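Single-structure report; data block below.
What you are looking at is a predicted structure, and each value in this text was computed from that prediction instead of being measured. These numbers come from the heavy atoms of this one structure, side chains and all, not from hydrogens, waters or symmetry mates.
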Amino acid sequence: MEVVVRPTKPDTSWLAARLIAAAIKAKPQLVLGLATGRTMERLYAKLVQIHREERLDFSLVRTFNLDEYIGLPEEDENSYRYYMNHHLFDHINIDKRNTFLPDGMTDDEAGEGERYEAAIQEAGGIDLQLLGIGRAGHIGFNEPLSALQSRTRAKALTPLTIAENSGEFADPARIPRRAITMGVGTILEAKRLLVLVTGDSKAEILAKAIEGPITSMISATAIQLHRNVHVICDEEAAAGLSGREYYDWIFANEPEWEAYR
Ligand code: F6R
């Protein structure tokens, strides 16, 4: 794992967008795992900008989102399909038939999990998975006690997650109580993980995720098991990290970061 701390939120989105753009240029048919949430909004705006200004080509890219609320149709403005169209897909040259999210309106939740896993396999697996971390310690919607080998399935959201996300809903009481999410095991099979975390409200959970013991109580700690992880965070989110000096030293000295310093 490598942890890169940048001064501000815009600096983190710039770096994450640059890494994704480089991955797409290196492999135009990239299979990209996507996340939603406030942190990702700035990143998607940057990707749209790179597409417009530098013609970053998404025409062959395939995407798989981590999760979708159960019970919200695609046209609902709080569905993650709506979010993705609004923040990214409507503004780039991606073929929407190559963009996948779990079907939150399914009447066969178990079957939907299996179907989604099969679609990821059929695409050749996820090359690069983008992740945020919730204050409850989740990646995707893998709430506390999610098995570290879990697969795509329906999951109940914690009261903390519901409180965190209900602000996005015009009527906060309308927030679904459950979602379909890739499992921790599904996420760990991606070839590479890119974790983006910003803001002081995430400082405590980020320190636990990176430097704490691995536990299913905090599914984000599972990223420690992966062989190829980059965590990008801002100064505020980095406030609780004890290994900060070493992380900065790596960023300053490893040749792979030269183009991004
Ligand atoms: C959403 C997702 C979640 C978010 C996390 C952080 O697809 O997978 O794990 O990444 O809840 O959300 P924000 O950025 O809103 O704090």
Side-chain angles (χ1 to χ4, degrees), residues 1-21 23 32-50 63-69 77-89 91-92 101 126 128-143 157-158 160-169 175 179 181-182 184 187 190 192-210 218-223 229-241 247 260:
M1 182 191 302
E2 288 181 352
V3 180
V4 178
V5 184
R6 305 311 292 145
T8 65
K9 291 183 173 82
D11 297 321
T12 61
S13 357
W14 180 87
L15 178 55
R18 285 284 156 204
L19 291 175
I20 292 171
L32 183 58
L34 296 174
T36 56
R38 283 143 294 204
T39 316
M40 300 303 158
E41 289 178 17
R42 285 179 294 269
L43 164 64
Y44 294 145
K46 273 275 168 238
L47 280 177
V48 169
Q49 188 185 342
I50 296 175
T63 66
F64 287 89
N65 266 76
L66 286 164
D67 40 25
E68 178 60 281
Y69 286 117
E77 60 181 29
N78 287 116
S79 76
Y80 283 163
R81 163 56 77 180
Y82 187 98
Y83 171 108
M84 288 312 307
N85 288 346
H86 180 70
H87 289 289
L88 186 64
F89 300 152
H91 313 289
I92 57 175
L101 289 91
I126 291 172
L128 172 57
Q129 176 67 55
L130 188 58
L131 295 173
I133 299 181
R135 278 182 59 216
H138 62 219
I139 45 176
F141 273 138
N142 291 287
E143 301 287 39
L157 306 179
T158 61
L160 177 56
T161 299
I162 291 171
E164 282 271 285
N165 290 3
S166 59
E168 306 293 305
F169 286 70
I175 182 171
T181 179
M182 281 187 206
V184 181
I187 292 168
R192 179 178 167 198
L193 304 180
L194 180 60
V195 189
L196 181 60
V197 183
T198 58
D200 52 9
S201 67
K202 300 285 178 67
E204 196 183 329
I205 199 65
L206 181 64
K208 286 183 180 162
I210 294 175
I218 302 173
S219 67
T221 61
I223 64 173
V229 184
H230 292 138
V231 177
I232 300 172
C233 60
D234 64 350
E235 285 287 353
E236 288 182 358
L241 298 176
Y247 311 148
Y260 302 102

Among Ile232, Asp11, Thr12, side-chain contact (heavy atoms from CB on, under 4.5 Å) partner for Thr198:
Thr12
Rounded to the nearest 0.5 Å, how far apart are CG of Asp234 and CG of Leu15?
12.0 Å
Tightest non-hydrogen contact, residues Ser13 and Arg42, listed as OG-CB, 3.5 Å
In Å, rounded to the nearest 0.5 Å, how long is the span from CE of Met40 to OH of Tyr83?
7.5 Å
Check for a donor-acceptor pair, side chain of Tyr80 on one end and backbone N or O of Tyr69 on the other, with a separation under 3.5 Å.
no
Can you tell me if His91 uses its side chain to pair, donor with acceptor, with the backbone of His86 under 3.5 Å?
yes
Side chains of Ile126 and Met182 in contact at under 4.5 Å (non-hydrogen atoms):
yes
Would you name the heavy atoms of Ala179 and Leu157 that are closest together and state the gap between them?
CB-CD2, 4.1 Å
Run Ile92 and Leu47 through side chain to side chain contact (heavy atoms under 4.5 Å, CB included) and show every step you take.
CA-CA 9 Å; Ile92 57 175; Leu47 280 177; 5.8 Å; no
Before giving the answer on side chain to side chain contact (heavy atoms under 4.5 Å, CB included), spell out for Arg81 and Phe89 the whole-Å C-alpha distance, their side-chain angles and the decisive distance to 0.1 Å.
CA-CA 10 Å; Arg81 163 56 77 180; Phe89 300 152; 3.6 Å; yes
Does Leu130 reach the side chain of Leu32, with side-chain heavy atoms less than 4.5 Å apart?
no
Euclidean distance, Glu236 CD relative to Leu206 CG, rounded to 0.5 Å
12.5 Å
Scan Leu66, Thr181, Ile187 and name whichever one has a side-chain contact (heavy atoms from CB on, under 4.5 Å) with Ile139.
Ile187
dist Ile20:CD1 -> Leu34:CG (nearest 0.5 Å) comes out at 7.5 Å
CE of Met84 to OG1 of Thr63: how many Å apart, nearest 0.5 Å?
6.5 Å
Of all heavy-atom pairs linking Gly240 and Ala207, the shortest is O-CB, 3.4 Å
Thr36 pairs by side-chain contact (heavy atoms from CB on, under 4.5 Å) with which of Leu101, Asn165, Leu88, Asp67?
Asp67
Please report the shortest heavy-atom distance between Leu128 and Ala23, naming the atom on each side.
CD2-CB, 4.0 Å
Val195 and Met1: CA distance, side-chain angles, deciding distance, side chain to side chain contact (heavy atoms under 4.5 Å, CB included) verdict:
CA-CA 10 Å; Val195 189; Met1 182 191 302; over 6 Å; no
Do other residues, nucleotides or ligands put more than 12 heavy atoms under 6.0 Å from the CD atom of Glu168?
yes
For the residue pair Val184 and Ser219, what are the closest heavy atoms and their distance?
CG2-CB, 3.9 Å
Flag the pair Glu235 / Val5 as yes when at least one side-chain heavy-atom distance between them is below 4.5 Å, and no otherwise.
yes
Straight-line distance of Ile223 CD1 to His230 NE2, nearest 0.5 Å
11.5 Å
Please answer whether the main-chain N or O of Ala136 pairs with a side-chain N or O of Glu143 as donor and acceptor at a distance below 3.5 Å.
no
Distance-minimising heavy-atom pair for Arg135 and Glu164
NH1-OE2, 3.1 Å
Check step by step if side chain to side chain contact (heavy atoms under 4.5 Å, CB included) holds for Ile50 and Arg18.
CA-CA 9 Å; Ile50 296 175; Arg18 285 284 156 204; 3.9 Å; yes
